[in-house]
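This report concerns only the one structure given below.
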Amino acid sequence: MSTSINGMKRTDYCGDLRKTDVGREVVVNGWCDRVRDNGGVLFLLVRDRAGVVQCTFDKSVNAELFQVAFGVRTEFVIAVRGKLVARDDAAVNTKMPTGEVEIMAEELRILSKAETTPFEISDEKEVGDQIRLKYRYLDLRRPSMQRNLMLRHRVTQIARNYFDEKGFLEIETPMLTKSTPEGARDYLVPSRVHAGKFYALPQSPQQYKQLLMLSGIDRYLQITRCFRDEDLRADRQPEFTQIDLEMSFVEQDDVIAVNEGFLQRVFKEALGVDIALPLPRMPYEEAMNRYGSDKPDVRFGFEICDVSDIAQKCSFKVFHDTVENGGTVRLINVDGYADQFPRKEIDKLAEFVKTYRAKGLAWMKLASDGSMTSSFAKFLTEEEIEAIKTRANAKAGDLLFVVADADRDTALISLGALRCELAKRLGLLRKDDYKLLWVTEFPQFEYSEEEDRLVAKHHPFTAPMEEDLELLDTNPRAVRAKAYDIILNGCELGGGSIRIHDAALQTRMFRALGFTEEKAQEQFGHLIAAFSYGAPPHGGLAYGLDRLCMLLAGHDSIRDVIAFPKVQNASDLMMSCPDVVEQKQLDELSIAIVHTEDEV
RNA sequence: GGCCCGGUAGCUCAGUCGGUUAGAGCGCUAGCCUGUCACGCUAGAGGUCGUGGGUUCGAGCCCCAUCCGGGUCGCCA
C-alpha cells in the first residue's frame with residue numbers, strides 16, 4: 001500500500017470545515033485524534049493544526065475500507081477522502097467547531113503508523129513538565145500549544161507590520177560578539193582561529209543598535225534572540241527573544257508614543273481587546289512607595305502606606321527603634337478580607353515575607369464582628385492604634401500587615417511581594433484584565449554589594465534627566481535616568497531609555513561608575529570613538545516577546561510560548577544538551593577540561 | 001549558593017501507625033456492539049515505589065546521601 005501523499009493531498013484543514021462546505025468532496029491530512037468504534041460504524045477524528053473533524057466509516061457501505069479504518073490507532077498519520085455531509089440534528093456535536101458536519105469516507109490512506117505515545121495528546125489531561133519537554137514534539141501537537149505558537153507568530157507579524165509602517169528598518173546584528181563585564185553572565189563561544197579568545201553571545205543588541213543610529217539608520221527594529229547565563233525562572237530562559245527597537249532625534253515621549261500605538265494594535269489584533277491611550281505613567285519612586293515594586297500590579301489595591309511617624313512616637317520598641325535608627329515602618333490594608341485569614345495563615349505569611357529579608361510581620365486583624373486581635377496593639381496606646389487605623393483607612397473586616405525595617409527597600413519590597421501573594425491567594429488576579437502602565441524616572445545608579453560600588457541600573461549609556469545632571473558628581477544616587485519600563489499586570493514587558501549621545505557626558509558617566517580612563521577605553525573604546533564622529537540624540541526600547549506572548553496567552557510560564565524551551569538547570573531534556581564533545585573539537589579550540597575533585 | 005514542594009503502572013494520582021499479594025482513573029491490548037462524540041460493555045497485560053546506603057524481624061512510608069523536575073531568594077547592566 002502506498003504511503004505517499006500522491007492523490008490524497010489536502011483540500012481543506014480539518015478544523016476549517018463548516019456547514020457551508022457541505023456537498024463538496026474533501027481530502028484531509030492529519031493525525032488520528034481518536035477512534036470511536038461502534039461495531040458496524042466507526043468514527044475517526046482527524047486532527048491538524050486548524051482543529052478536528054469527524055470521518056465516518058460504515059461497514060455495510062464498504063467493508064474493505066472499514067477494515068482499513070479498523071486498523072487505525074491514535075496518532076497514526078492518515079489521509080481521508082470523502083464527501084462532506086451535514087450531520088442529523090440529533091448527531092450535531094455543539095462542543096466542536098466542526099460539529100455540524102462530518103466526512104463520509106470513501107478512501108483512507110495510512111501515511112504513517114505510530115507507537116502509543118507516552119502521554120495522551122489532549123488539553124484535557126495535565127502532564128508534568130519533565131515528560132512534556134522530553135517529548136516536546138508531541139506536546140506541541142496539543143491544540144493549546146499550537147494556539148500559543150500561532151499567537152506568537154501573530155504578534156511578531158503585527159510588530160513587523162506596525163514598525164514597518166512607522167518607518168523602522170529591520171536589521172540583523174551579530175550573534176558572535178564581545179563579552180562585556182557589566183550586566184549578566186555571558187554565554188561564551190571559543191574561537192578556533194584565535195586560540196584562548198572568546199566571542200560572547202549577545203545579552204541584547206544594545207551597542208549595535210546605538211551604532212546604527214550613529215550610522216543614520218534613524219529607526220531600527222529587530223526581533224532577535226538574546227542570551228543570559230543566569231538562573232532560570234518561570235519568566236526567564238537562558239535564550240529569549242526581544243522585539244528590539246531604536247529611534248533617532250527623539251525624546252522619551254516620542255518613544256513612548258510609538259510604542260503605545262504598537263501595544264494598542266497588538267491587543268486589538270491578537271486578542272480583540274481595546275486599550276485606552278495614553279497609558280498611565282508612574283515614577284519609580286511612587287511605584288516603590290505605593291506598591292513596593294518597580295513593576296507594580298495595579299489590578300488590585302492593598303497599597304502600601306507609611307506609618308513611620310506614628311511608629312516613631314510609640315513605645316513599642318521594634319517600631320520606635322527602627323524609625324529612630326533611620327528605618328521605616330509601612331503597612332498594607334487587606335481591606336475586607338480579615339475573616340479569611342486565621343492565625344495559622346497569618347503565620348505562614350510571616351514566613352513568606354522572610355524570604356524577602358523582612359525580619360518579621362506584625363499584624364492587626366479587625367474582624368467583621370468588631371473584635372480586634374493584633375501582634376503589636378498591646379504595646380500601643382489607644383490614640384496610637386487609632387492613628388494607625390485612620391492612616392490605613394481601616395474598618396471592621398480589614399487586616400493590616402506591618403513591616404518595620406532599617407532598610408526602606410526591604411520593607412517596601414517584602415510588603416509589595418506580600419500584596420501580590422495575597423491577591424493570588426484571594427483569587428483577585430484576572431488574567432483577562434490587562435493593566436498596562438509605564439514606570440519612569442528610574443534611578444540612574446544602584447549600589448552593588450558584590451562590587452562595593454555604584455553600577456548602572458539600566459546600562460551605562462542611559463541618559464540622566466537634565467534636572468538631575470548637577471547631582472552626577474555630588475550625589476549620584478539621587479540622579480534619575482531617562483529610563484522607562486512598560487509593565488503589564490506586575491510583569492516587566494519591556495524597558496528602554498534615552499541614550500547619552502554626548503561624548504563628554506558619557507565620560508562623566510563612566511567616571512561616576514568608577515571606570516578609569518583606561519578601563520573605559522579598553523571596554524568601550526569603539527563606542528567612545530564612534531560618538532566622537534557625530535551622534536544624533538536617540539533612544540529605544542526592547543520588549544520581552546516571550547513574556548508578552550505568555551500574558552496574551554494567559555499562561556504562567558514563558559516555556560508555554562517557546563517551542564523548545566530549557567528546564568531550570570538550563571538543559572534541553574529532548575536534545576540532552578549541553579553535552580560533552582569530542583576531544584578533537586576541544587583540541588582545535590585549545591580548550592582543556594579541568595575536573596574538580598568532587599566531580600570524580 | 002540558600003529555602004520550599006514533588007518523584008509510586010505509559011500518563012495523572014491515592015497509599016492510614018512501619019506489617020499479608022502496592023491500588024484507582026485514563027491510556028494500552030483482545031473480544032462484543034451500526035450514529036458515537038470523554039461512546040459503551042466484557043476480559044487482560046502492565047510496577048527496580050527516582051538512585052545508593054542505613055535503621056528494623058519487617059521500609060513505598062523512618063534516617064543519611066545523591067540525581068531529576070517545579071517554584072522562589074540571591075543573581076538577572
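Nucleotides B:rC4 and B:rA65 are separated by 13 Å at their P atoms, to the nearest Å. Rounded to whole Å, the separation between the C1' atoms of B:rG46 and B:rU29 comes to 10 Å. Taking atom C1' on both nucleotides, B:rC63 is separated from B:rG23 by 27 Å, rounded to a whole Å. Rounded to the nearest Å, the gap between the C1' atom of B:rG27 and that of B:rG35 is 24 Å. Taking the P atoms as reference points, B:rC41 lies 11 Å from B:rG25, given to the whole Å. Look at the C1' atom in both B:rG71 and B:rG58: the space between them is 37 Å, to the nearest Å. The separation of B:rG60 from B:rA43, taken at their C1' atoms, amounts to 30 Å, rounded to a whole angstrom. Taking the C1' atoms as reference points, B:rU36 lies 48 Å from B:rA59, given to the whole Å.
Between A:Arg47 and A:Glu75, at least one side-chain N (NZ, or NE/NH1/NH2) sits under 4.0 Å from a carboxylate O, which counts as a salt bridge. A salt bridge is defined here as a Lys NZ or Arg NE, NH1 or NH2 lying under 4.0 Å from an Asp or Glu carboxylate O, and A:Glu246 with A:Arg499 meets this definition. A:Glu351 and A:Lys354 are joined by a salt bridge, as a carboxylate oxygen and a charged side-chain nitrogen come within less than 4.0 angstrom of each other. By the 4.0 Å N-to-carboxylate-O rule, A:Glu100 lies close enough to A:Lys19 to be salt-bridged with it. A:Lys295 has no carboxylate O lying under 4.0 Å from a charged side-chain N of A:Glu492, or vice versa, which leaves the two without a salt bridge. At a threshold of 4.0 Å, the pair A:Lys519-A:Glu522 does not count as salt-bridged, since none of the basic side-chain nitrogens sits closer than that to a carboxylate oxygen. We find that A:Asp560 and A:Arg132 are joined by a salt bridge, their nearest charged nitrogen and carboxylate oxygen being less than 4.0 Å apart.
The main-chain N or O of A:Gly15 is found under 3.5 Å from a side-chain atom of A:Arg18 such that the two form a donor-acceptor pair. A donor-acceptor contact shorter than 3.5 Å is absent between the side chain of A:Arg453 and the backbone of A:Ser448.
Candidate nucleotides B:rC76, B:rC39, B:rG35 were compared by shortest atom distance to the side chain of A:Ala184, and B:rC76 ranks first. For A:Glu120, the side-chain atoms get nearest to B:rC26 when compared with the rest of B:rA38, B:rU34, B:rC26. When distances run from any side-chain atom of A:Asn38 to the nucleotides B:rU12, B:rC26, B:rU34, the shortest one goes to B:rU34. Out of B:rU36, B:rC76, B:rG27, the shortest distance to the side chain of A:Arg228 is found at B:rC76. Each of B:rG31, B:rC26, B:rC37 was ranked by its minimum atom distance to the side chain of A:Phe70; first place goes to B:rG31. For A:Asp37, whose side chain is taken as the heavy atoms from C-beta onward, the closest listed nucleotide among B:rC33, B:rG35, B:rC76 is B:rC33.
Atom CZ of A:Phe119 and atom C1' of B:rC13 are 17 Å apart (whole Å). A straight line from CZ of A:Phe66 to P of B:rU36 spans 15 Å, rounded to a whole angstrom. Rounded to whole Å, atom C1' of B:rG27 lies 14 Å from atom CG of A:Asp33. We find that NZ of A:Lys457 is positioned 11 Å from P of B:rC76, with the value rounded to whole Å. Atom pair A:Arg73:CZ and B:rG27:C1' shows a separation of 13 Å (rounding to whole Å applied). Spacing between atom CZ of A:Arg36 and atom P of B:rC41 amounts to 15 Å, rounded to whole angstrom units. The NZ-C1' distance, from A:Lys134 to B:rG10, rounds to 12 Å in whole Å. A:Gln203 places its CD atom 12 Å from the C1' atom of B:rC75, with the value rounded to the nearest Å.
A:Glu421 comes within 4.0 angstrom of nothing in the nucleic acid, heavy atoms only. Residue contacts for A:Gln54: at a heavy-atom cut-off of 4.0 Å it reaches a base atom on one of the strands shown. Across all strands, A:Thr74 comes closer than 4.0 Å only to sugar-phosphate atoms, never to a base (heavy-atom distances). Residue A:Ser122 is out of contact with every strand shown, counting any heavy-atom pair closer than 4.0 Å. Nucleic acid contact for A:Leu45: none, since no nucleic acid atom lies under 4.0 Å from a heavy atom of the residue.
For B:rC39, one of the phosphate oxygens OP1 or OP2 lies less than 4.0 angstrom from a side-chain nitrogen or oxygen of A:Arg34. Listed pair A:Lys348 / B:rC4 fails the phosphate criterion, with no side-chain N or O lying under 4.0 Å from OP1 or OP2.
Checked against the 6.0 Å centroid threshold, A:Phe227 and A:Phe240 do not count as a close aromatic pair. Taking the six-membered ring where the residue is Trp, the centroids of A:Phe66 and A:Phe57 are separated by 6.0 Å or more.
The base of B:rG10 lies outside donor-acceptor range of the side chain of A:Glu115, with no N or O pair under 3.5 Å. At a cut-off of 3.5 angstrom, counting only N and O atoms as typed in the model, there is a donor on one side and an acceptor on the other between the side-chain of A:Arg87 and the base of B:rC37.
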Can you build the contact string for nucleotides 67-74 of chain B? Use B for base contact, S for sugar-phosphate-only contact, and - for no protein heavy atom under 4.0 Å. -SSBBBBB
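Heavy-atom nearest nucleotides on RNA chain B were determined for A:Ala91 and for A:Thr116, and the one closer to the 5' end corresponds to A:Thr116. With the nearest nucleotide of RNA chain B identified for both A:Asp88 and A:Pro118, A:Pro118 has the one nearer the 5' end.
Applying the 5.5 angstrom centroid cut-off and the 30 degree plane-angle cut-off, the aromatic ring of A:Phe43 is not stacked upon the base of B:rC37.
Judged by Watson-Crick or G-U wobble contacts below 3.5 Å, the nucleotide B:rU36 has no partner. Base pairing of B:rU51 is made with B:rA65, judged by Watson-Crick or G-U wobble geometry with both donor-acceptor distances under 3.5 Å. Nucleotide B:rC41 is matched to B:rG31 when pairs are restricted to Watson-Crick or G-U wobble geometry with both distances under 3.5 angstrom. The partner of B:rU21 cannot be assigned: no Watson-Crick or G-U wobble pair with both contacts below 3.5 Å exists in any strand.
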